[in-house]
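Right, one structure below, let's go through it.
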There are 2 protein chains.
Amino acid sequence: MDKTLLEKFKDTLHTNGMKCTPARLLIFKEVYSSSEHFDADEIYFRMRREKKAVSRATVYRTLDLLVENGFVSRVNVGASQVHFENTLAQEHHEHLVCTQCGKIIEFSDKVIEKQQNLICEEHDFFPTKHNLIIFGLCDKCRKRNN
Amino acid sequence: MDKTLLEKFKDTLHTNGMKCTPARLLIFKEVYSSSEHFDADEIYFRMRREKKAVSRATVYRTLDLLVENGFVSRVNVGASQVHFENTLAQEHHEHLVCTQCGKIIEFSDKVIEKQQNLICEEHDFFPTKHNLIIFGLCDKCRKRNN
DNA sequence: ACTGTAATTGAAACTCATTCTCATTTAGAA
DNA sequence: TTCTAAATGAGAATGAGTTTCAATTACAGT
């Protein structure tokens, strides 16, 4: 994990008058230990397993804090829990979600982005965020089915 | 409300060996009484107000039944509850959601649809459903803000 | 029309993800 | 080192939705 990122996080805490606590640092590191999607409970249980337990409430609170400060973003993949991902390196992307095996494929597409902007203009709408999920069957599941 | 639709619903119940109960018919009519989005509790409370009370459980169960049989579809507008809409006349569409006033604008766009299919082909993915939400500010809220 | 029975219903208990409460602990400014 | 507001953990509370189960009811077969 990038050293400067942790420093940036500490700066953010500092400049916002928030305390730099062990719990927050541990959660931050956990969140940046992989580039996969995760939900709050995954972080919670991973940390328990690694004997770095923090309370569930603190996990939720810290994830909110990370989202608000741009270190993490919420991703909607149609699940019942909120999913997150760290914002390291990855630009905005959309998801293909296999409804059979749960596989998630990420993609991004300039044509769609552009077209969205056109549509927003047409409706006098100022876009801040968007979310596109395509549900269906991945190649393996489709083959498996027949 | 289209008479034939109610008949179609009754047929569906019949051919699937399900009973044609007052609760189901009332919910069906309520769902088709407007073309707006709604969530389960809205239906539940509207029906109480109109002295056509059915239990919450029955509302949820019947909405599932209607979704499974294509009379209603689930719509995702980024809310914490599941939203629904009846499938009368309206083709598939996407949503612009104003994060300030909650206004929802519907749109549909051939270019985006086409591009989505291209992307799916590229990934050997067979799409069955998709969901695009653009969050932002509607014209009124944008003007109000400055 | 009457019966029998499997489907349906309502009420309340339950689940699951998340948020809140509040007593205790702690980071970090003075 | 001291003080205090911020943060934490444990568990209660919440909200949306689902399940359970005893009581009711639609309707196929007589």
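Predicted model, so just to flag it, every value in this text is computed and none were measured. In the text below, chain A, chain B and the rest are named by the order of the sequence lines, each starting its count at 1.
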Value in whole Å for how far the [atom2] atom of [N] lies from [atom1] of [X]:
X: B:I43; N: D:dA16; atom1: CD1; atom2: C1'; result: 16 Å
X: A:R24; N: D:dA6; atom1: CZ; atom2: C1'; result: 8 Å
X: B:L13; N: D:dA26; atom1: CG; atom2: P; result: 13 Å
X: A:N16; N: D:dA6; atom1: CG; atom2: P; result: 13 Å
X: A:L26; N: D:dT8; atom1: CG; atom2: P; result: 11 Å
X: B:H83; N: D:dG15; atom1: NE2; atom2: P; result: 16 Å
X: A:R56; N: D:dG9; atom1: CZ; atom2: P; result: 13 Å

| said: Let's see if you can work this out: which of D:dT8, D:dA16, D:dG9 has an atom nearest to the side-chain heavy atoms of A:S55? | reply: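 Closest of the options to the side chain of A:S55: D:dG9.
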
| request: Look at the side chain of B:H14 and decide which nucleotide, out of D:dA5, D:dA26, D:dA28, has an atom nearest to it. | output: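 Taking heavy atoms from C-beta onward, the closest nucleotide is D:dA28.
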
| request: Report yes if at least one side-chain N or O of A:T21 is closer than 4.0 Å to OP1 or OP2 of D:dT8; otherwise report no. | output: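 Yes, because at least one side-chain N or O of A:T21 sits under 4.0 Å from OP1 or OP2 of D:dT8.
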
| request: Could you say whether B:M18 or B:D39 is positioned toward the 5' end of DNA chain D, judged by the nucleotide with the nearest heavy atom to each? | output: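 Between the two, 5'-proximity favours B:D39.
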
| field | First of A:T58 and B:Q81 reached from the 5' end of DNA chain D, by closest nucleotide | value |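 Result of the comparison: A:T58.
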
Please tell me if the side chains of [X] and [Y] come closer than 4.5 Å, counting only heavy atoms from C-beta onward.
X: A:V31; Y: A:F71; answer: no
X: A:V72; Y: A:E85; answer: no
X: B:I104; Y: B:L96; answer: no
X: A:L25; Y: A:C20; answer: yes
X: B:Q100; Y: B:N145; answer: yes

| For the side chain of B:T58 and the backbone of B:V54, is there at least one donor-acceptor N/O pair under 3.5 Å apart? |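 Between the backbone of B:V54 and the side chain of B:T58 there is no qualifying donor-acceptor contact (under 3.5 Å).
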
| Are the side chain of B:E94 and the backbone of B:L132 linked by a donor-acceptor contact shorter than 3.5 Å? |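 Indeed, once roles are kept as given, a pair shorter than 3.5 Å links the two residues.
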
| query | Between which nucleotides of DNA chain C, 5' to 3', does chain B make heavy-atom contacts below 4.0 Å? | reply |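 Both ends considered, the range comes out as C:dA6 to C:dA11.
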
Report each atom pair, protein N/O against N/O of nucleotides 19-23 of chain D, whose distance is under 3.5 angstrom.
{"unit_1": "D:dT20", "atom_1": "O4", "unit_2": "B:R61", "atom_2": "NH1", "d": "3.3"}

| message | Go nucleotide by nucleotide along DNA chain C from the 5' end; which of B:V59 and A:K19 gets its closest nucleotide reached first? | response |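 Taking each residue's closest nucleotide, the earlier one in sequence belongs to B:V59.
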
| task | Fit a plane to each ring of B:H37 and B:H83, take the angle between them on a 0 to 90° scale, and name the class: parallel (under 30°), tilted (30 to 60°) or perpendicular (over 60°). | result |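 If you compare the ring of B:H37 with that of B:H83, the planes turn out perpendicular.
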
| said: Please determine whether a side-chain nitrogen of the Lys or Arg among A:D64 and A:R74 lies less than 4.0 Å from a carboxylate oxygen of the Asp or Glu. | reply: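 Salt bridge between A:D64 and A:R74, a charged N being under 4.0 Å from a carboxylate O: yes.
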
